[in-house]
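Reading through the structure tokens given below for one structure.
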Amino acid sequence: MVRWECVLGTIGLIVAVAWALYLLYLFLEIHVLPGRPLTVYGANAKLRGAGSWALVTGATDGIGREFAMQLAAKGFNIVSVSRTAEKLAALGREIEKQYPGTKTCYYAMDFTHAGTTEYEGLAQLISHLDVAVLVNNVGVSHTMPVPFLEMDEAEMEAICEVNVLGTQRMTRLVAPRLVRRGRGLILNLGSFSGQWATPLMATYAGSKGFLIAFTQALGEELRRAKVDVQLLNTYFVVSNMSKVRRASLLVPTPSTYVAAVLSRLGRASGALGRPFTLTPVPAHAWLDWVTAHFVPGWLLLRKAYDVNVSVRRRALRKAERLAKAQ
Ligand SMILES: NC(=O)c1ccc[n+]([C@@H]2O[C@H](COP(=O)([O-])OP(=O)(O)OC[C@H]3O[C@@H](n4cnc5c(N)ncnc54)[C@H](OP(=O)(O)O)[C@@H]3O)[C@@H](O)[C@H]2O)c1
């Protein structure tokens with residue numbers, strides 16, 4: 001006769017052991033296992049200048065600036081791209097001073113208004129460089145949370161132009177070179193907004209949601225050519241865009257954030273189970289995993305809505321005060 005309590009006990013034991021092993025692996029993913037070394041893409045910190053090149057967009061501030069600095073530290077030469085030529089030139093000087101021998105060049109362009117001429121100019125600049133890494137970092141958001149129906153048309157277009165079209169155009173410009181050289185890396189700056197969706201920031205959230213699907217599709221297409229593509233799932237980081245000035249456990253500095261990315265390339269960390277996705281910062285990784293598995297989507301949407309309603313109220317009051325003071 002079948003002893004049901006034994007059968008159920010055995011099933012329970014198997015499930016508990018499977019979960020324990022899974023949680024152990026998750027812990028190792030988030031805190032212990034190292035990522036792919038950058039030397040596979042041609043970084044050469046011993047003989048600076050001899051390494052391949054990394055191209056970083058939005059490179060003069062925040063996360064992009066840290067990517068430029070830390071990739072240079074790892075032994076890449078750097079192509080930096082953003083709007084302001086003086087800031088780009090100063091960044092190049094700083095890199096060359098801190099890491100003597102490193103080569104830099106820059107290209108000033110505004111992704112909001114860039115057309116064929118601008119992209120061709122950049123293609124021309126990099127035509128003789130061995131570019132191995134592309135960091136699609138540039139991104140713009142709403143100036144403040146805003147109901148979609150009240151949003152300025154120009155803001156909507158700028159977000160789509162920079163975050164969605166800019167990323168695709170840069171990828172089409174650089175990826176064929178990575179395929180030809182037989183090894184390369186593309187990092188796309190994603191956001192928790194793309195995964196959870198954020199009411200009152202619908203266009204930004206949508207643009208980052210686009211990057212999730214885009215990165216996964218591209219990752220599978222380019223995998224066979226040994227070009228690694230990863231979406232960086234990012235919660236808050238101290239920067240002008242986030243408007244957060246002080247670092248905390250859940251809001252790292254750009255320096256901590258980029259170091260976490262570069263030490264975990266090729267891993268998933270908290271995005272375990274989602275292909276071509278990395279949630280690099282440990283605190284973000286646990287938040288990602290717990291919310292993805294245990295918090296209902298409707299609850300996240302309602303909470304995000306409430307938070308953004310109050311952020312908008314404060315931002316409108318501040319704008320009013322500033323207008324009065326002028
Ligand atoms: N910070 C966060 O909490 C957070 C969270 C999730 C995702 N992200 C993503 O991370 C990326 C970087 O964000 P961040 O916080 O580091 O931003 P940031 O500090 O505001 O820096 C933005 C950079 O992009 C450049 N830039 C801005 N608009 C541009 C345009 N139209 N054309 C060319 N360059 C432009 C800026 O330089 P110039 O002004 O000189 O052009 C600057 O170098 C974005 O894709 C963002 O969506 C950030």
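Whatever order the structure lists them in is the order used to number ligands and atoms, beginning at 1.
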If we number the atoms of ligand 1 from 1 as shown, the ones under 4.0 Å from a heavy atom of D61 are 19 (O), 21 (O), 42 (C), 43 (O)

Atom 32 (N) of ligand 1: closest protein heavy atom, distance to 0.1 Å, is F111 N, 3.0 Å

- prompt: Taking atom types as modelled, is there a side-chain donor on T102 or N77 under 3.5 Å from an acceptor on the other?
  reply: no

Checking heavy atoms under 4.0 Å, the part of R83 that sits near ligand 1 is both

Checklist line | N or O contact, S191 vs ligand 1, cut-off under 3.5 Å | finding: no

### Query
Under 4.5 Å between side-chain heavy atoms, hopping through other hydrophobics if needed: is there a path connecting V162 to L232?
no

> Does ligand 1 have any atom that is closer than 4.0 Å to a heavy atom of A114?
Replying inline: no

As a quick check of understanding, evaluate side chain to side chain donor-acceptor pair (under 3.5 Å) for H31 and W286, giving each step before the final call.
CA-CA 10 Å; H31 295 285; W286 285 109; 2.9 Å; yes

Closest to atom 7 (C) of ligand 1 among protein heavy atoms sits G190 O, 3.3 Å

Checking heavy atoms under 4.0 Å, the part of A59 that sits near ligand 1 is backbone

Note to self: Side chains of R183 and Y41, heavy atoms from C-beta outward: is any pair under 4.5 Å?
What the structure shows: yes

task: Give a yes/no verdict on whether any heavy atom in F192 is under 4.0 Å from an atom of ligand 1.
output: no

Quick look: N137 vs ligand 1, heavy-atom contacts under 4.0 Å, and the answer is both

Nearest non-hydrogen protein atom to atom 43 (O) of ligand 1, with distance, is T60 OG1, 2.7 Å

Which of T277, T279, L278 passes side-chain contact (heavy atoms from CB on, under 4.5 Å) with L231? It is T277

The atoms of ligand 1 lying under 4.0 Å from a heavy atom of M109, numbered in the order shown, are 32 (N), 33 (C)

Honestly, for K208 the part within reach of ligand 1 (heavy atoms, under 4.0 Å) is side chain

Could you check whether any side-chain heavy atom of F214 comes within less than 4.5 Å of a side-chain heavy atom of T167, counting everything from C-beta outward? yes

Of all heavy-atom pairs linking V140 and M241, the shortest is CA-CE, 3.8 Å

In this structure, atom 1 (N) of ligand 1 is nearest to the protein heavy atom S239 OG, 3.0 Å

Query raised in the report: Any sub-3.5 Å donor-acceptor pair from N137's side-chain atoms to T57's backbone N or O?
Result: yes

Query raised in the report: How about V174 and I126: do any of their side-chain heavy atoms sit closer than 4.5 Å?
Result: yes

### Query
Quick one: are M170 and L55 in side-chain contact, heavy atoms under 4.5 Å?
yes

the protein heavy atom lying closest to atom 47 (O) of ligand 1 turns out to be Y204 OH, 2.6 Å

Of all protein heavy atoms, the one nearest atom 40 (O) of ligand 1 is T84 OG1, 2.6 Å

Of all protein heavy atoms, the one nearest atom 31 (N) of ligand 1 is D110 OD1, 2.8 Å

Can you tell me if Y257 and T234 form a side-chain donor-acceptor pair at under 3.5 Å?
yes

Handout entry: ligand 1 to V237 polar contact by distance, N or O atoms, under 3.5 Å
Key = yes

So is H113 close enough to ligand 1, meaning a heavy atom under 4.0 angstrom away?
no

Under 3.5 Å: N/O of V140 near N/O of ligand 1: no

Below the 3.5 angstrom mark, is there an N/O of F236, backbone or side chain, next to an N/O of ligand 1? no

Item checked: Any non-hydrogen protein atom less than 4.0 Å away from atom 27 (C) of ligand 1 -> yes

Would T234 count as being in polar contact with ligand 1, using the rule that some N or O on each side must be under 3.5 angstrom apart? no

When distances are taken from atom 16 (O) of ligand 1, the protein heavy atom at minimum range is I63 N, 2.8 Å

Strictly by modelled atom types, are S269 and E29 linked by a side-chain donor-acceptor pair under 3.5 Å? no

Inset, instruction - Consider only side-chain N and O atoms of N233 and Q195, and report whether a donor and an acceptor are under 3.5 Å apart. - result: yes

Is it possible for you to say whether V237 and L262 belong to one hydrophobic cluster, with membership spreading through side-chain heavy-atom contacts below 4.5 Å?
-> yes

One finds that the ligand 1 atoms under 4.0 Å from a non-hydrogen atom of T112 are 31 (N)

Taking distance alone, with no angle check, do G58 and ligand 1 share an N/O pair under 3.5 Å? yes

